[in-house]
Participant: 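Below is a structure I'd like to ask you about.
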Number of protein chains: 2
Amino acid sequence: MTDAATPKSKLELNDFLCFALHSTALAIGRANKPMLDKIGLTYSQYLVMVVLWAEDNRTVSSIGDKLFLESNTLTPLLKRLEALGYVRRSRDTADERQVRISLTEQGRALREKACAAHPDWIDRAFGGDMAAVQELKDRVIAIRDRLKTAEG
Amino acid sequence: MTDAATPKSKLELNDFLCFALHSTALAIGRANKPMLDKIGLTYSQYLVMVVLWAEDNRTVSSIGDKLFLESNTLTPLLKRLEALGYVRRSRDTADERQVRISLTEQGRALREKACAAHPDWIDRAFGGDMAAVQELKDRVIAIRDRLKTAEG
DNA sequence: AGCGATTTAATCGCTCACGATCTATTTGTT
DNA sequence: AACAAATAGATCGTGAGCGATTAAATCGCT
């Protein structure tokens, strides 16, 4: 199980790729930690905020569609964001099954803090080659979406 | 926060890549679930077994080095693998600070089951282009290792 | 040999991912 | 109008991941 080893079978290749993506996802989480500590959010909370900064007043499941998560994960997380004062949770008056998540003034303001706290790991890892970042992102997403459509 | 959108700043690019890796790691975990259910392990437990199949009788921290995890995560996980009968945990007689993790007969036998339960998602996602898988793995690992060396 | 520093695991508390289940609301059918 | 089916969230239990702390063994220095 050395990174440099050449896998002999598809099973091993699967193992290696799983391992690579797993450990890299963890490493990126850690790389973002200094920034997240500055703004006082966890990684997942931050991703929810990114989704809301892009489009406010979403339903829980709309956020879930973006992040590939469901209410069992999101509900407690959103309650924590509410407790922190960054979002409001309120039942949709037209359809009370839905809960609308909207940014508070503080929640909107946090975006500026996040910009200021700017993580630098992308530069460290890519030496400024933003095209390479973009390409990697596209490839990774391509895998995810092929898994998504083919699952079941 | 649409995947196809073109990010305008480094912060946004960071957000997109984090998001891509995060959601893809989750998707791969889900893609492996059918195989993991067959052999009765979680994803992390499986990765630990992969490490042990490659080299038996490791210390906790040696496993941690491979998986980028520490004893706070591994100790409970290894206790669960022990309870399942796949590994033994015993203090190293020469240095009692260390705990040696060794495979049981059942633990070794599980490898055959894992081979038989073979996940098919790699084929689905790559259409048999194993060279592409290898290349992606290498790129992903390159990021991780640059983060690892540059952190702090 | 003695004692402080280091190393290795274990423990605790919190957050998150997720399967399974439950409740409340809405929709569709008759 | 009444009632079954579908939908949106919430809840619960388990297994991670991780920061902080603790306990025990070993190492290093005098």
Side-chain angles (χ1 to χ4, degrees), chain A residues 18 21-34 36-37 40-49 58-65 67-84 87 89-101 151-152, chain B residues 18-19 21-34 36-37 40-49 58-84 87 89-101 151-152:
Chain A
C18 288
L21 275 150
H22 188 68
S23 58
T24 304
L26 294 182
I28 290 186
R30 288 167 195 150
N32 276 309
K33 257 231 100 198
L36 294 170
D37 283 346
L41 292 183
T42 66
Y43 193 23
S44 298
Q45 286 166 1
Y46 176 71
L47 292 177
V48 168
M49 292 302 288
R58 287 173 173 280
T59 63
V60 173
S61 51
S62 149
I63 296 172
D65 288 345
L67 297 178
F68 300 85
L69 294 171
E70 291 166 51
S71 69
N72 51 5
T73 300
L74 286 173
T75 296
L77 192 158
L78 289 167
K79 284 185 175 177
R80 284 188 273 271
L81 284 177
E82 186 181 40
L84 289 168
V87 307
R89 298 165 57 254
S90 52
R91 291 277 164 187
D92 189 306
T93 48
D95 181 346
E96 293 204 358
R97 286 173 305 184
Q98 300 183 99
V99 170
R100 291 278 163 187
I101 310 297
E151 82 193 355
Chain B
C18 288
F19 171 72
L21 275 151
H22 189 68
S23 57
T24 303
L26 293 183
I28 290 186
R30 288 167 195 151
N32 277 308
K33 256 229 102 197
L36 294 170
D37 283 346
L41 292 182
T42 67
Y43 193 28
S44 299
Q45 288 166 359
Y46 175 71
L47 292 178
V48 168
M49 292 302 288
R58 287 172 172 281
T59 64
V60 173
S61 52
S62 149
I63 296 171
D65 287 345
K66 285 290 171 194
L67 297 178
F68 299 84
L69 294 171
E70 290 165 53
S71 69
N72 51 6
T73 300
L74 286 173
T75 295
L77 192 157
L78 290 167
K79 284 185 175 177
R80 279 176 212 118
L81 284 177
E82 186 181 39
L84 290 168
V87 306
R89 298 165 58 252
S90 52
R91 290 276 165 187
D92 187 306
T93 48
D95 182 346
E96 294 204 358
R97 286 173 305 185
Q98 301 183 107
V99 170
R100 292 277 164 188
I101 309 297
E151 83 193 354

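To find a chain, count down the sequence lines: A is the first, B the second, and so on, and within it residues start at 1.
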Participant: In whole angstroms, how far is the P atom of C/dT15 from the CE atom of A/M49?
Facilitator: 17 Å

Participant: From C-beta outward on A/T75, which listed nucleotide comes closest to its side chain: C/dC16, D/dG15, D/dA10?
Facilitator: D/dA10

Participant: B/H22 NE2 to C/dC16 P: how many Å, rounded?
Facilitator: 10 Å

Participant: Kindly write out the residues that satisfy side-chain contact (heavy atoms from CB on, under 4.5 Å) with B/D92, not counting sequence neighbours, or none if the list is empty.
Facilitator: B/A94, B/Q98, B/R100

Participant: For B/D65, check side chain to side chain donor-acceptor pair (under 3.5 Å) against everything at least two apart and list the hits.
Facilitator: none

Participant: Quick one: ring pair (Phe, Tyr, Trp, His ring centres under 6.0 Å) partners of B/Y46, sequence neighbours excluded?
Facilitator: none

Participant: For B/D92 and D/dC27, give me the distance from atom CG to atom P, rounded to whole Å.
Facilitator: 11 Å

Participant: With a 4.0 Å limit, can you tell me whether B/T42 has a side-chain N or O closer than that to the phosphate oxygens OP1/OP2 of D/dA16?
Facilitator: yes

Participant: Between B/R80 (CZ) and C/dT11 (P), how many Å, whole number?
Facilitator: 12 Å

Participant: I'd like a table of atom pairs between the protein and nucleotides 19-22 of chain C - only N or O on both sides, under 3.5 Å - with the distance next to each one.
Facilitator:
from, atom 1, to, atom 2, distance (Å)
C/dG19, N7, A/N72, ND2, 2.8
C/dG19, O6, A/N72, ND2, 3.2

Participant: Would you mind classifying the nucleic acid contact of B/L74 as base, sugar-phosphate or nothing, using non-hydrogen atoms under 4.0 angstrom?
Facilitator: nothing

Participant: Could I get the full list of side chain to side chain donor-acceptor pair (under 3.5 Å) partners for A/S23, not counting sequence neighbours?
Facilitator: B/R144

Participant: Please enumerate all residues that pass side chain to side chain donor-acceptor pair (under 3.5 Å) together with B/R97, with sequence neighbours excluded.
Facilitator: B/D95

Participant: Over how many whole Å does the gap from B/E82 atom CD to C/dA10 atom P extend?
Facilitator: 10 Å

Participant: Could you list all N or O pairs between the protein and nucleotides 2-8 of chain C that sit under 3.5 Å apart?
Facilitator:
from, atom 1, to, atom 2, distance (Å)
C/dT7, O2, B/R97, NH1, 3.4

Participant: Taking side chain to side chain donor-acceptor pair (under 3.5 Å) as the test, write out the residues that go with A/E96, two or more places apart.
Facilitator: none

Participant: Stems involving DNA chain C: give each as a range paired with a range, ordered by first number, where a stem means at least three consecutive Watson-Crick or G-U wobble pairs under 3.5 Å.
Facilitator: C:1-30 with D:1-30

Participant: Specify the separation, in whole Å, of atom CG of B/L69 and atom C1' of D/dG15.
Facilitator: 13 Å

Participant: Rounded to the nearest 0.5 Å, how far apart are CZ of B/R30 and CG of B/L36?
Facilitator: 13.5 Å

Participant: Measure from CD on B/E96 to C1' on D/dA23 and round the result to the nearest Å.
Facilitator: 14 Å

Participant: Which atom pairs, one a donor and one an acceptor, fall under 3.5 Å between side chains of residues 68-80 of chain A and the rest of the protein, sequence neighbours left out?
Facilitator:
from, atom 1, to, atom 2, distance (Å)
A/T75, OG1, A/S71, O, 3.0

Participant: Which value, rounded to the nearest 0.5 Å, describes the distance between B/I28 atom CD1 and A/H22 atom NE2?
Facilitator: 11.0 Å

Participant: If you assign A/S44 and A/T93 each to the DNA chain C nucleotide with the nearest heavy atom, which residue ends up on the more 5' nucleotide?
Facilitator: A/S44

Participant: Once you round it to whole Å, what is the distance between C1' of C/dT11 and CZ of B/R89?
Facilitator: 13 Å

Participant: Assign B/R100 to base, sugar-phosphate, or nothing according to its heavy-atom contacts below 4.0 angstrom with the strands shown.
Facilitator: nothing

Participant: Who pairs with A/R89 by salt bridge (Lys or Arg N to Asp or Glu O under 4.0 Å), at least two apart in sequence or on another chain?
Facilitator: A/E82

Participant: First locate atom CG of B/N32, then atom CG of B/L41, and finally report the distance between them rounded to the nearest 0.5 Å.
Facilitator: 11.5 Å

Participant: Pick the nucleotide of DNA chain C nearest each of A/L77 and A/A94; which residue has the one closer to the 5' end?
Facilitator: A/L77

Participant: Quick check: closest heavy atoms across A/L26 and B/L67, and the distance to 0.1 Å?
Facilitator: CD1-O, 4.4 Å

